[in-house]
Amino acid sequence: RRPGRGKWPIAWLVHHICDAEIALAFRIRLALAQSGTRFQAYDQDLWAAGLHYDRRSVADSVALYTAMRKSHLELLRLGSGKELRRYGIHEERGKESVERLMHMLAGHDLNHLRQIRAIRAQLSRR
């Protein structure tokens, strides 16, 4: 259920977290292999509609997210400091290093996990 007008339900947040991991996975790999590459922005609301957030399997999104995050942790572990400073150029935010992208992913997850907890608490009070 939607927690309020214009708010995403928990399932949609899970799909969004997974899709953000996909988008940043590509950017991380571009930066590592082709430093200086341009990164395209995306519209999360268009992704929600176009990628059928209302019909997708939450379990599948969690499994895909988990596999990708494991891969990212391996890239972090294997990467030298020099490699993690490789970067891409985001069309809206400018230069973003691999290290910065990893921090963004972690913060993005924490933000949405807080939202999910708040929605669950709100729904349990109803």
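Counting begins at 1 with the first residue of the sequence.
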Checklist entry - Are the side chain of His72 and the backbone N or O of Met68 linked by a donor-acceptor pair below 3.5 Å? => result yes
Result block: side-chain N/O donor-acceptor pairs under 3.5 angstrom for residues 38-46, not counting sequence neighbours:
from  : atom 1 : to    : atom 2 : distance (Å)
Asp43 : OD1    : Asp45 : N      : 2.8
Asp43 : OD1    : Leu46 : N      : 3.1

Checklist entry - So Lys7 and Gln122, side-chain contact (heavy atoms from CB on, under 4.5 Å) or not? Walk me through it. => result CA-CA 13 Å; Lys7 302 286 185 181; Gln122 175 188 355; over 6 Å; no
Item to check | Nearest heavy-atom neighbours spanning Ala31 and Val98 | outcome: CB-CG2, 3.6 Å
Item to check | Check: Ala25 main-chain N/O paired with Arg29 side-chain donor or acceptor under 3.5 Å | outcome: yes
Checklist entry - Do Glu83 and Leu78 have side-chain heavy atoms sitting under 4.5 Å apart? => result no
Checklist entry - Which residue pairs pass the side-chain hydrogen bond (donor to acceptor under 3.5 Å, both in side chains) test with at least one member in residues 46-55, sequence neighbours excluded? => result Asp19-Tyr53
Next on the checklist: When you measure from the side chain of Ser35 to the backbone of Tyr87, do you find a donor-acceptor pair of N or O atoms at a distance under 3.5 Å?
Outcome noted: yes
Next on the checklist: Quick check: do His90 and Arg100 have side-chain heavy atoms less than 4.5 Å from each other?
Outcome noted: no
Checklist entry - Do you reckon Trp8 sits in the same ILVMFWY cluster as Val58, going by side-chain contacts under 4.5 Å, direct or chained? => result yes
Next on the checklist: As an exercise, state the distance from CG of Leu75 to CE of Met102, rounded to the nearest 0.5 Å.
Outcome noted: 5.5 Å
Next on the checklist: I'd like to know if Leu105 and Phe26 are part of one continuous hydrophobic network [Ile/Leu/Val/Met/Phe/Trp/Tyr, side-chain heavy atoms within less than 4.5 Å].
Outcome noted: yes
Checklist entry - Listed by chain and number, what are the salt bridge (charged side-chain N to carboxylate O under 4.0 Å, His left out) partners of Glu99, not counting sequence neighbours? => result none
Checklist entry - Can you list the steps and then say if Leu13 with Gln115 is a side-chain contact (heavy atoms from CB on, under 4.5 Å)? => result CA-CA 9 Å; Leu13 290 169; Gln115 284 180 305; 3.7 Å; yes
